[in-house]
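Only a predicted model underlies this, so the values are computations on that prediction, with no experimental measurement involved.
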Amino acid sequence: MKTRFALTFALLLPALPALADDQANAAQTALLAASCANCHGTDGKLAGVIPAIANRPATALENQLMEFKHSDSTRATVMPRIAKGYSDDELKALAQYFSRIGSAQQR
């Protein structure tokens with residue numbers, strides 16, 4: 001019994017840093033998403049002039065965020081300035097985060 005436990009523990013031990021990284025990344029993304037609440041609401045579902053971003057396809061959100069960051073388009077007011085403050089990976093993580101709100105994938 002002790003041998004089985006030790007073997008199981010030894011096999012799972014290498015996975016612990018990855019699990020910790022996933023949790024840290026999720027916490028980091030949630031912290032980044034908090035800044036979006038100022039305009040889009042705490043859960044990205046604010047109704048009104050500013051579009052809701054919750055439960056939209058991640059690819060659509062990511063494409064829009066990348067356009068804000070890398071384009072000189074004047075279609076938006078503040079979003080190009082905000083998007084430039086994030087790395088492409090952070091914008092992708094935010095798109096995935098908001099796409100899961102209100103869906104079965106939400107954690």
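Ile101 is not connected to Leu46 by any chain of hydrophobic side-chain contacts under 4.5 Å among Ile, Leu, Val, Met, Phe, Trp and Tyr, and they are in different clusters. Both Val78 and Leu91 sit in one connected hydrophobic cluster of ILVMFWY residues. Membership requires side-chain heavy atoms under 4.5 Å apart, directly or through other members.
Applying the salt bridge (Lys or Arg N to Asp or Glu O under 4.0 Å) test to pairs two or more places apart or on separate chains, those with a residue in residues 40-69 are Glu67-Arg75, Lys69-Asp88.
Listed by chain and number, the residues in a salt bridge (Lys or Arg N to Asp or Glu O under 4.0 Å) with Glu90 amount to none (sequence neighbours excluded). Residues that satisfy the salt bridge (Lys or Arg N to Asp or Glu O under 4.0 Å) test with Lys92, not counting sequence neighbours, are absent from this structure.
Rounding to the nearest 0.5 angstrom, the gap separating the CG atom in Asn55 from the CG atom in Leu61 is 9.5 Å. Distance check: Leu65 CG to Ile53 CD1 gives 7.5 Å after rounding to the nearest 0.5 Å. Taken to the nearest 0.5 Å, the OG1 atom of Thr29 stands 10.0 Å off from the CZ atom of Phe98.
Taking each heavy atom of Pro57 and Ser99 in turn, the nearest pair found is C-CB, 4.2 Å. Taking all atoms of both residues into account, the shortest heavy-atom contact from Ala95 to Ala58 is CB-O, 3.5 Å. Residues Tyr97 and Ala33 come closest through the heavy atom pair CE2-CB, 3.3 Å. In terms of heavy atoms, Lys84 sits closest to Phe68 at NZ-O, 3.6 Å.
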I'd like to know whether Ser35 forms a side chain to side chain contact (heavy atoms under 4.5 Å, CB included) with Tyr86, so could you lay out the CA-CA distance, the side-chain angles of the two residues, the decisive distance to 0.1 Å, and finally the verdict.
CA-CA 11 Å; Ser35 67; Tyr86 293 94; 2.6 Å; yes
